[in-house]
Amino acid sequence: MKSIVAALIFLVAVSPDPSAEVLYPAAIVLEPGYASGPPAGFPWMGMYPDYGDPLVVVARVASVGEPFADLLPTGVYELTCVYEGSTCSAFGIWDNIPCSGGVFGTFHNGTVAFYLDTAPDADFAFPSTFRDGEQVLIAQLFHVHVNDDDPWIACPQVPDVPDVTALFSFAGGTWFSRVSSDGVGMQGMSEGELDGDVPAPLPALGYIFRVDGTFDVYGPVAVETTTWGRVKALYR
């Protein structure tokens, strides 16, 4: 019983609160970047990822809004983004007959980090160049859901539904104080679109789709003080 209660408390602690409101919309907006992962062609060629398969995304940042806008340096710099450490935990086929359908994959855990570099050198042929600056933010990922929901052939487009959704909680970095309350990182969501436009020679380097994203930051949610006894009583 104790292990069940402990697991439930953990899930509540790490899952974004649905009552939270967006405090900083479009705090960070990415340029289109590229994802590498399993297998070559996913999600375009009807091929599944597999349990434990990794997903890595590298991209440059297009714009920064509140609460970070005043932290950008003058002069030459680049801000980059790296998703890494996430592994596949679910996959399958979806459809909303008659218009569309395809393969989806859900990836759990991992991090998304942002690096500020005053000597711009980010090169998709060398992913390490997206990590060689000052780590200004790092967030723990809850999950990244990848799903090409753009309809096929003559069906109408659905641009309001994102292809990639990531839920996260800020955990550190030199900008962390802007997205934390009493040392606890704020949570947020990133939503973006993907497509299969991966120019040569990137497919040969393992890149499987192009992706963008917008990062919204939720405001802190009030926490009610309780006791271990009250928590146990909820599950008796």
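Note that these values count all heavy atoms, side chains included, but never hydrogens, waters or copies made by symmetry. Predicted model only: the values in this text are computed from it and were never measured. Each residue takes its place number in the sequence, starting with 1.
Scanning both residues, Gln135 and Ala113, for their nearest heavy atoms gives NE2-CB, 4.1 Å. Heavy atoms only, all atoms of each residue included: Val61 and Val64 are closest at CG1-CG2, 3.8 Å. Nearest heavy-atom pair across Ala26 and Thr214 is CA-CG2, 3.6 Å. For the pair Ala27 and Pro67, the tightest heavy-atom approach, listed with the atom from each and the gap, is CB-CD, 4.4 Å. Listed here is the closest heavy atom pair of Ile138 and Gly173: CG2-N, 4.3 Å. Contact record, Asp197 with Asp195: N-OD1, 2.9 Å, taken as the closest heavy-atom pair.
Side-chain atoms of Asp216 do not come within 3.5 Å of backbone N or O of Met189 as any donor-acceptor pair. Put simply, the side chain of Asp53 never gets that close to the backbone of Cys88: no donor and acceptor are under 3.5 Å apart. Without hydrogens or angle criteria, Thr129 side chain to Asp123 main chain gives a donor-acceptor distance under 3.5 Å.
Evaluation of the side chain to side chain donor-acceptor pair (under 3.5 Å) test over residues 65-81, restricted to residues two or more places apart or in two chains, returns Asp70-Arg178. Applying the salt bridge (charged side-chain N to carboxylate O under 4.0 Å, His left out) definition to pairs two or more places apart or across chains, none involves residues 27-37. Sorted by first and then second residue, the side chain to side chain donor-acceptor pair (under 3.5 Å) pairs involving residues 104-114 (not counting sequence neighbours) are Ser89-His108, Thr106-His145.
With contacts defined as side-chain heavy-atom distances shorter than 4.5 Å, the pair Pro120/Val76 qualifies. Residues Phe170 and Val217 meet the side-chain proximity criterion, which asks for heavy atoms closer than 4.5 Å.
No path of Ile, Leu, Val, Met, Phe, Trp and Tyr side chains, each step under 4.5 Å between heavy atoms, connects Val29 with Leu72, placing them in separate hydrophobic clusters. Criterion: ILVMFWY side-chain heavy atoms under 4.5 Å apart, direct or through other members. Under it, Phe142 and Val22 are part of a common hydrophobic cluster. Cluster annotation: Leu167 and Val56 are assigned to distinct hydrophobic clusters (Ile/Leu/Val/Met/Phe/Trp/Tyr, side-chain heavy-atom contacts under 4.5 Å, transitive). Both Phe176 and Leu79 are members of a single hydrophobic cluster when ILVMFWY side chains are connected at heavy-atom separations under 4.5 Å. Cluster annotation: Val112 is connected to Leu71 through the hydrophobic network of ILVMFWY side chains, with a link wherever side-chain heavy atoms come within less than 4.5 Å.
The distance from atom CG of Leu116 to atom CH2 of Trp175, rounded to the nearest 0.5 Å, is 6.0 Å.
Among residues two or more places apart in sequence or in another chain, the salt bridge (charged side-chain N to carboxylate O under 4.0 Å, His left out) test is passed with Arg131 by Glu84. Residues satisfying the side chain to side chain donor-acceptor pair (under 3.5 Å) test with Asp182, not counting sequence neighbours, are none.
Screening Asp212, Val211, Leu55, Val57 for a side-chain contact (heavy atoms from CB on, under 4.5 Å) involving Val164 leaves a single residue, Val211.
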- request: Determine, stepwise, if the pair Phe68 / Val179 fulfils side chain to side chain contact (heavy atoms under 4.5 Å, CB included).
  value: CA-CA 9 Å; Phe68 310 121; Val179 282; 3.5 Å; yes
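Aromatic rings of Phe114 and Phe215 (six-membered ring for Trp) have centroids within the 6.0 Å cut-off, being under it. Phe107 and Tyr83 have their aromatic ring centers separated by at least 6.0 angstrom.
The other residues sharing a hydrophobic cluster with Tyr207 are Tyr34, Val58, Val82, Tyr115, Phe124, Phe130, Val198, Leu202, Leu205, where clustering joins ILVMFWY side chains under 4.5 Å apart.
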